[in-house]
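Heads up, the thing below is written out as structure tokens.
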Amino acid sequence: MLHKGTIFLTFCLSMPAWAGADDPPVIAPYTITDGRSIDDPLAGAEGVWQTGRLIYFDRKLTGCSGCHGSPGGPGAEIVAGNEGAPALSGIGSRMSPGEIRLWIAAPVAIDPETAMPAFYLAGQRRDGEGGAVNGPWLSAQQIEHLVAYLSRQTDTQ
């Protein structure tokens, strides 16, 4: 049931004829609440923060640390030209997991002018790694790992 102020968005990616056990990630439906949050984990997945940390610092996979630096300690230098991206230190104290999830999955839903890439929209994959050309950049599970990691970044750490 949808409540006042809730937007329901469904993004679909057609399954190729070769779909099998190692399918590329597909985009599961999700609900954006009040234009600022995806409250439920994508595809019902729960994340592991340690895996999320690895994904965050993997410049080839996400590039997060190249724009936002290192929220939980050393390990990244901001790439020249990306100094305007907000630091994520304490992000878990400022945003709910749902708000973090939306910023990762579809940041243009919050800020249409953002330079932040959408990691869970069709058409984001540019290469053939994992067979997901034109699929989402990250799987629902990878996004949930990032949400778990970033949610742990509080002002008390």
**Study point:** Gap between atom CG of Asp58 and atom CZ of Arg53 - 0.5 Å precision
**Key:** 12.5 Å

Review point. Of the non-hydrogen atoms in Thr154 and Gly92, which two are nearest, and what is the gap between them?
Key: CG2-C, 4.2 Å

Review point. Can you find a pair of side-chain heavy atoms, one from Leu150 and one from Ile104, that are under 4.5 Å apart?
Key: yes

Check your understanding: With a 4.5 Å limit on heavy-atom distance, are the side chains of Thr62 and Gln142 in contact?
Key -> no

Review point. Do Trp103 and Met95 come within less than 4.5 Å of each other through their side chains, counting heavy atoms only?
Key: yes

Practice item. For residues Ala106 and Leu121, report the shortest heavy-atom separation together with the two atoms involved. Key: CB-CD2, 4.2 Å

Check your understanding: Sub-3.5 Å donor-acceptor pair from the side chain of Glu144 to the main-chain atoms of Leu42, do we have one?
Key -> yes

**Study point:** Arg101 side chain to Ser96 backbone, donor-acceptor under 3.5 Å
**Key:** no

Check your understanding: Taking C-beta and beyond as the side chain, do Gln50 and His145 meet within less than 4.5 Å on heavy atoms?
Key -> no

Practice item. Please work out whether the ring planes of Trp49 and Tyr149 are parallel, tilted or perpendicular, with thresholds of 30° and 60°. Key: parallel

Exercise for review: Give the minimum heavy-atom separation between Ala28 and Ala43, together with the two atoms involved.
Suggested key: CB-CB, 4.0 Å

Revision key, fill the gap. All heavy atoms of Trp137 vs all of Ala118, minimum pair found to be CE3-O, 4.2 Å

Exercise for review: Write down the atom of Arg59, the atom of Ser65, and the distance for their closest heavy-atom approach.
Suggested key: NE-OG, 3.3 Å

Exercise for review: Could you tell me whether the side chain of Glu99 and the main chain of Ile38 form a donor-acceptor pair under 3.5 Å?
Suggested key: no

Check your understanding: Are side-chain heavy atoms of Leu61 and Leu138 found at a separation under 4.5 Å?
Key -> yes

Study note, to complete from the structure: Closest heavy-atom pair, Ile110 versus Gly35, reported as atoms and distance to 0.1 Å, is CG1-O, 4.1 Å

Check your understanding: Got Ser37 and Leu102 here, is their nearest side-chain heavy-atom distance under 4.5 Å?
Key -> no

Check your understanding: With a 4.5 Å heavy-atom cut-off, do Tyr56 and His68 have their side chains touching?
Key -> yes

Check your understanding: Going by heavy atoms in the side chains, are Ile27 and Tyr120 under 4.5 Å from each other?
Key -> yes

